[in-house]
Amino acid sequence: MSTPFANFQYGIYLEGALNGKRPSHPMGWDALEAEATERLAPGPRGYLNGGAGTEDTMRANLEAFRRQRIVPRMLRDVETRSLARRVLGTDLPAPLLVAPIGVQSIVHPDGELAVARGAAATGIPMIASTASSYTLEAIAEAGTASEAATPRWYQLYWPRGRELARSLVERAEAAGYGAIVVTLDTWLLGWRPRDLQQAYLPFLESVGIANYLSDPVFRSTLEKTPEEDPMAAVGQFVGVFSNPTVTWDDLAFLRECTSLPIVLKGILHADDAREAAARGVDGLIVSNHGGRQVDGAIGALDALPGVVDAVGGEVEVLFDSGVRCGADIFKALALGARAVCVGRPVMWGLTVGGEEGVKTVLQSLLAELDLTLALSGLANVDQIDRSALTTRP
Ligand SMILES: Cc1cc2nc3c(=O)[nH]c(=O)nc-3n(C[C@H](O)[C@H](O)[C@H](O)COP(=O)(O)O)c2cc1C
Ligand SMILES: CCCCCCC(=O)C(=O)O
């Protein structure tokens, strides 16, 4: 089956050339980051682009990709290609998802609604964050307005209070989300000097708490409604948004709450991967949260092969942290990722162009992945394996 994304970048080029116009969206990945960074006010800029501590791990994520090099193969028939892959029981046009990112309205007023629409236009699933600026129901609706078939997943920050956790998960299931992604690495926010310097936290301005304000269980814990006393609601949110007492044993409770696939995000250690497999989870995301949590932590790509080898196909292993271009997606797939989630680049697209910006970022990543595949002598993503890479010391 031929991919609809084949040579897409030439589509962009030809369209512009025929109209005598250059694309308004920056086409180079560094240029996109630079333009988004320039447009953002200091608070949101630091929040989006920043990492924990010295940002050593944030850099390690990028460096890990630079150490892996693709070794293209020649004289193979690559005319008919496919990026399609089945991930957690769902057929996707490509092994790509939008990583969960909270508080998206700090970079664009349409926030997650624009991302849902841009993602739906490409068929790429969005993982909606618990800390979203819009409710999970509104995001689901935005994502189905144009392309009914695009799946979506829900990311859970496991809160204090099982009934609140259950309520969020049941709402997600009712709104048509296809998997629950539990983030394990953010029970506490990391030490983030850029935010501390700017004294900036979106939550204090009530951004990112829509799912709580709309939740009947959360509301029932408030003395006054959020409309009457917004700051008390923010205070309550800060107290309950995460629950550092959760352990492996609590996963059984989550399993009782939903029949959806459960994916654990933030796994870096092979032993944790084995534990997750033993507990019967459906998927893992190898991630260090984009270097925002443990400064000094291993670059996520460096952790990927160990996790993949530990679970040996028993659990689907996805990946994020440091993906910046189509070749990076290829490299993560080669090291065993079943699918790859892209984070900050989607936010940069949202910043510069709203829904269109998101769509262009995703289409460009798909086009680049397709061309990397073809020019490496491979016709479909299942053919990508470790033999396609060499490690640069
Ligand atoms: C501004 C920002 C907000 C984020 N919010 C969330 C979130 O709400 N939930 C979550 O699981 N991960 C969140 N993440 C982490 C991403 O899901 C992902 O792990 C990270 O962006 C990957 O790093 P990269 O963007 O550098 O590739 C956030 C990341 C950023 C940059
Ligand atoms: C107090 C709420 C924290 C939500 C964290 C959002 C996130 O994952 C990140 O900033 O990183």
Side-chain angles (χ1 to χ4, degrees), residues 29 33 36 40 43-52 55 57-65 96-107 111-112 115 126-133 136 153-160 180-192 194-195 200-212 234-244 263-268 285-294 297 299-301 318-325 328-329 332 340-351 361 365:
W29 296 112
E33 176 176 353
L40 290 169
R45 180 195 304 155
Y47 190 78
L48 174 60
N49 288 356
E55 301 188 341
T57 293
M58 200 167 75
R59 283 188 296 277
N61 285 341
L62 305 183
E63 286 161 10
F65 277 101
L96 184 66
L97 298 95
V98 178
I101 297 222
V103 298
Q104 295 182 7
S105 67
I106 66 172
V107 304
E112 293 84 1
V115 172
M126 167 191 189
I127 309 178
S129 165
T130 296
S132 51
S133 334
L136 63 92
W153 295 1
Y154 178 71
Q155 176 266 327
L156 178 72
Y157 273 127
W158 190 313
R160 286 187 201 272
I180 303 295
V181 176
V182 189
T183 297
L184 304 182
D185 55 16
T186 312
W187 303 110
L188 308 160
L189 275 193
W191 180 256
R192 300 179 183 175
R194 295 202 213 192
D195 299 340
Y200 182 76
L201 252 195
F203 315 99
L204 301 182
E205 296 160 24
S206 299
V207 180
I209 68 174
N211 283 323
Y212 302 84
V234 170
Q236 179 74 349
F237 156 79
V238 170
V240 301
F241 102 93
S242 97
N243 183 351
V263 180
L264 302 184
K265 174 172 183 276
I267 296 290
L268 294 168
I285 304 183
V286 171
S287 166
N288 58 29
H289 211 95
R292 296 163 73 77
Q293 288 298 95
V294 180
L301 193 72
L318 285 72
F319 175 85
D320 79 31
S321 294
V323 175
R324 295 291 177 272
C325 59
D328 289 350
I329 300 170
V340 172
C341 309
V342 61
R344 289 181 176 100
V346 175
M347 289 303 101
W348 295 325
L350 176 65
T351 305
V361 163
L365 285 172

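Both counts, for ligands and for their atoms, begin at 1 and track the order of listing. If you're wondering where the values come from, they're calculated on a predicted model, not measured in any experiment.
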In the protein, which heavy atom is nearest to atom 1 (C) of ligand 2, and how far is it?
-> Phe241 CE2, 3.5 Å

Can you tell me the protein heavy atom closest to atom 8 (O) of ligand 2 and the distance?
-> Tyr157 OH, 2.5 Å

Is the backbone of Met347 close enough, under 3.5 Å, to the side chain of Thr351 for a donor and an acceptor to pair up by distance?
-> yes

For the side chain of Glu55 and the backbone of Ala52, is there at least one donor-acceptor N/O pair under 3.5 Å apart?
-> no

Should you measure from each heavy atom of Tyr47, which atoms of ligand 2 turn up under 4.0 Å away?
-> 6 (C), 7 (C), 9 (C), 10 (O)

Ignoring hydrogens and angles, tell me if any N or O in the side chain of Arg192 forms a donor-acceptor pair with the backbone of Gly50 under 3.5 Å.
-> no

Do you know which of Tyr154, Trp158, Tyr212 makes side chain to side chain donor-acceptor pair (under 3.5 Å) with Thr130?
-> Tyr154

Would you find a donor on one side and an acceptor on the other, under 3.5 Å apart, between the side chain of Gln293 and the backbone of Gly190?
-> yes

Are any of the heavy atoms in Arg324 under 4.0 Å away from ligand 1?
-> yes

Without swapping roles, check the side chain of Thr57 against the backbone of Ala297 for a donor-acceptor pair under 3.5 Å.
-> yes

Evaluating non-hydrogen atoms only, which member of Val323, Ile101, Leu184, Thr130 is closest to atom 21 (O) of ligand 1?
-> Ile101

At under 4.0 Å between heavy atoms, what of His289 touches ligand 2? The answer is side chain

Is the backbone of Ser133 close enough, under 3.5 Å, to the side chain of Glu112 for a donor and an acceptor to pair up by distance?
-> yes

Going by heavy-atom distance to atom 25 (O) of ligand 1, choose the closest among His289, Arg344, Met58.
-> Arg344

Any donor and acceptor pair, going by atom type alone, linking the side chain of Arg45 with main-chain N or O of Leu40 inside 3.5 Å?
-> yes

Among Pro44, Gly51, Pro100, which residue places a heavy atom closest to atom 6 (C) of ligand 1?
-> Pro100

Flag Ala99 as yes when one of its N or O atoms lies below 3.5 Å from any N or O atom of ligand 1, and as no otherwise.
-> no

Is a side-chain N or O of Asp320 found less than 3.5 angstrom from the main chain of Ser287, in a donor-acceptor match?
-> no

Indicate whether any N or O donor in one side chain lies under 3.5 Å from an N or O acceptor in the other, for Asp328 and Trp29.
-> no

Would you call Arg192 a ligand 2 contact, heavy-atom distance under 4.0 Å?
-> yes

Does a side-chain heavy-atom distance below 4.5 Å link Cys341 with Ile285?
-> yes

What protein heavy atom is closest to atom 8 (O) of ligand 1, reported as residue, atom name and distance in Å?
-> Ser129 OG, 2.6 Å

Nearest non-hydrogen contact to atom 11 (O) of ligand 1 from the set Asp320, Thr186, Thr183 belongs to Thr183

In the protein, what heavy atom is nearest to atom 20 (C) of ligand 1, and what distance, to one decimal place, separates them?
-> Gly290 N, 3.8 Å

Which residue holds the protein heavy atom closest to atom 7 (C) of ligand 1, what is that atom called, and what is the gap in Å?
-> Tyr157 OH, 3.4 Å

Whether over 12 other heavy atoms sit under 6.0 Å from Trp191 CH2 | no

Considering the heavy atoms of Leu189, write down every atom of ligand 2 situated less than 4.0 Å from one of them.
-> 3 (C), 5 (C)

Which heavy atom of the protein is the closest neighbour of atom 4 (C) of ligand 2, given with residue, atom name and distance?
-> Phe203 CZ, 3.4 Å

Cation-aromatic face contact Arg292/Tyr47, 6.0 Å, 45 degrees | yes

Report the nearest protein non-hydrogen atom to atom 5 (N) of ligand 1: residue, atom name, distance rounded to 0.1 Å.
-> Gly102 N, 3.0 Å

Would you tell me which option among Gln104, Gln293, Arg292, Lys265 has the nearest heavy-atom contact to atom 12 (N) of ligand 1?
-> Lys265

Nearest heavy atom to atom 27 (O) of ligand 1: which of Gly343, Pro345, Gly322, Ser132 does it belong to?
-> Gly322

Quick check: does Arg292 get an N/O under 3.5 Å from an N/O on ligand 2?
-> yes

Which of the atoms in ligand 1, numbered in the order shown and given with their element, are less than 4.0 Å from a heavy-atom of Ser287?
-> 19 (O)

